[in-house]
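A note on names: the letters A, B, ... follow the listed sequences, proteins ahead of strands, and every chain is numbered from 1.
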There are 2 protein chains.
Amino acid sequence: MTRSEENYLKTIFHLGGGDSKSITTNAIAEQMETKPSSVTDMAKKLSEKGLVDYVRYQGVSLTEVGVKTALSIIRKHRLWEVFLVKKLDFTWDEVHEVAEQLEHIKSEKLIDKLDELLDFPKYDPHGDPIPTKDGKFQERDEKLLSEIPINSQGVCVGVKDSSVPFLKFLDKNKIALGNTIKVLDKEDFDNSLRIQMEGKEMRISHQIAANLYVKKND
Amino acid sequence: MTRSEENYLKTIFHLGGGDSKSITTNAIAEQMETKPSSVTDMAKKLSEKGLVDYVRYQGVSLTEVGVKTALSIIRKHRLWEVFLVKKLDFTWDEVHEVAEQLEHIKSEKLIDKLDELLDFPKYDPHGDPIPTKDGKFQERDEKLLSEIPINSQGVCVGVKDSSVPFLKFLDKNKIALGNTIKVLDKEDFDNSLRIQMEGKEMRISHQIAANLYVKKND
DNA sequence: ATCTATTTTTAGCTTTGTCTAAATTTAATT
DNA sequence: AATTAAATTTAGACAAAGCTAAAAATAGAT
């Protein structure tokens, strides 16, 4: 497993190729900021190795082994993210880049012991679930804040967009995972929301609400 | 800085190329288990980049920048080794391989914070000094156990050979860093030593004694 | 000082992962 | 059903890092 192969598997998984859905070379190329022709080359290679099913001109999807491999990389990525935040005081907008490197370190013992050190966390700093050693996901019934009705409330449990600018915006506005948010009102005109959070009232745009996951509790 | 370039710098440093001593391509090739011709190629490349001084047929030595770079990699390697032992319960014979991977992770913040988490350790699990952030070494006046006179004693502070078999041998014989060792007698015939360690008497071969560093205290 | 034996370099080839440009296939539209 | 636009693949090239085999330089021995 080269680093590059691992990155392809991870990307294909994130684009939905784990559910035997075909992902186009174009989509993969765009996501990875590379060229479709390079993706084609790698598709053949991964197909040879039995990690993806590849049909010319149709795209790729992960095989069972491919899914398992992708999950193990995602597991490593997210565990390292937790480590960086919990043990080394990184902020949630700083962890991704470093975890992209750390996820490729090869040592089963390392990752098992890291998991133990962190007390077997279930979610990473962005609220994304950490697959277990045997590749299981803990699903959670979460909804986008933009999709829950007026007067209902929930706990903020994750972000959909985990780009640095969005995360910094959330920090600046004191929106953090764990906060309870209540939808007071929605504005028809621009779909913005009036919310109550930790005692304070504020207005957020639809774009923000559409990137925050909440777990409803009423 | 590619991974490969970093490995070359580290090797050259370990072979003494930091003291403007010329290291032959052959020596480097042997150490790295590669071919002399490959070393020549890399020597040119590193020379281009100003990291080594290279004279055809004479060998390479590190420039000032080269030394600084090598030390920063060695610093990372040794800090990760401490992390693995102190935080993840690795044994001292397991850490090298994983640290070889971790040393190439690029993030200044990561290594600074790791240093802090570990409480700014001065030595790695094998007793090798950890360079400071600004590339200083803490020297220690240590001697090989094989070189101290009869009836003197010292604390075991490091190993010269840190191969897995040697480290496992030491574990098996309860020889650990921190132990106080007294030389009771030397055998002329095979240069083996009779020593007293932590109350017990034992005999060790010259080869063992020549790979243990002690700090004399009488 | 010359001649070997050894060391080191050069030249040319291989693999991995990428790219560009051209060719091909698919899909959409009339 | 034919044509065109878009997506995808192929072919050929390149850089990095390595290798082998041949050539060149050095060092040691006479």
Side-chain angles (χ1 to χ4, degrees), chain A residues 1-17 20-62 66 69-70 73 100-101 103-106, chain B residues 1-17 20-62 66 69-70 73 100-101 103-106:
Chain A
M1 261 284 125
T2 67
R3 182 159 308 225
S4 185
E5 287 170 351
E6 292 188 347
N7 284 332
Y8 273 95
L9 290 182
K10 202 179 44 153
T11 301
I12 296 165
F13 183 90
H14 282 133
L15 291 173
S20 62
K21 189 175 93 184
S22 245
I23 311 297
T24 66
T25 49
N26 243 8
I28 297 167
E30 192 169 336
Q31 181 74 23
M32 296 184 74
E33 299 188 323
T34 179
K35 302 292 165 181
S37 57
S38 307
V39 179
T40 300
D41 289 344
M42 185 56 85
K44 286 177 187 165
K45 191 176 168 195
L46 292 174
S47 173
E48 285 288 309
K49 294 197 172 191
L51 293 161
V52 305
D53 292 318
Y54 169 55
V55 183
R56 264 159 79 247
Y57 294 102
Q58 297 306 126
V60 297
S61 61
L62 297 174
T69 310
I73 301 158
E100 287 281 298
Q101 300 179 61
E103 74 189 4
H104 299 293
I105 303 291
K106 279 159 189 63
Chain B
M1 262 285 125
T2 67
R3 180 160 308 226
S4 185
E5 286 169 352
E6 292 188 346
N7 285 332
Y8 274 96
L9 291 182
K10 204 180 39 151
T11 301
I12 295 166
F13 183 90
H14 281 134
L15 290 173
S20 60
K21 189 175 92 185
S22 245
I23 311 296
T24 66
T25 48
N26 243 7
I28 298 167
E30 191 169 335
Q31 181 75 21
M32 297 183 76
E33 299 190 324
T34 179
K35 302 291 165 181
S37 56
S38 307
V39 178
T40 300
D41 289 344
M42 185 56 85
K44 288 177 186 165
K45 191 176 168 195
L46 293 174
S47 173
E48 285 287 310
K49 294 199 173 187
L51 294 161
V52 304
D53 292 317
Y54 168 55
V55 183
R56 266 158 78 249
Y57 294 102
Q58 297 306 128
V60 297
S61 61
L62 296 174
T69 310
I73 301 158
E100 286 281 298
Q101 300 179 60
E103 73 189 5
H104 299 293
I105 302 292
K106 278 158 189 64

Atom pair distance, as rounded to whole Å: [atom1] in [X] and [atom2] in [N]:
| X | N | atom1 | atom2 | value |
| --- | --- | --- | --- | --- |
| B:M42 | C:dT10 | CE | P | 16 Å |
| A:N7 | C:dT16 | CG | C1' | 14 Å |
| B:E5 | D:dA16 | CD | P | 9 Å |
| B:D41 | C:dT14 | CG | P | 16 Å |
| A:I23 | D:dA7 | CD1 | P | 16 Å |
| A:K35 | D:dC14 | NZ | P | 18 Å |
| B:N26 | C:dT7 | CG | P | 6 Å |
| B:E30 | C:dT7 | CD | C1' | 13 Å |

Is [X] close enough to [N] that one of its side-chain N or O atoms is under 4.0 Å from OP1 or OP2 there?
| X | N | value |
| --- | --- | --- |
| B:T24 | C:dT7 | no |
| B:K44 | C:dT10 | yes |
| A:R56 | C:dT26 | no |
| B:Y8 | D:dA16 | no |
| B:Y54 | C:dT9 | yes |

| query | Do A:S37 and C:dT20 share a donor-acceptor pair, side chain to base, under 3.5 Å? | reply | yes
| note | Testing D:dA24, C:dC19, D:dC19 for proximity to the side chain of B:Y57, the answer is D:dA24
| query | What heavy-atom pair brings A:L62 and A:A70 nearest, and what distance separates the two atoms? | reply | CD1-CB, 4.2 Å
| Which heavy atom of A:A43 sits nearest a heavy atom of A:V52, and at what distance? | O-CG2, 3.8 Å
| Short side-chain donor-acceptor distance under 3.5 Å, B:Q31 and B:H14 | no
| task | Could you tell me whether A:S38 contacts a base, only the sugar-phosphate backbone, or nothing, with contacts defined as non-hydrogen atoms closer than 4.0 Å? | result | base
| query | NA contact type, B:T25, heavy-atom cut-off 4.0 Å: base, sugar-phosphate, or nothing? | reply | sugar-phosphate
| message | Other residues, nucleotides and ligands only: do more than 12 of their heavy atoms fall within 6.0 Å of CD on B:E6? | response | yes
| Would the number of heavy atoms belonging to other residues, nucleotides or ligands and lying under 6.0 Å from NZ of B:K106 be above 12? | yes
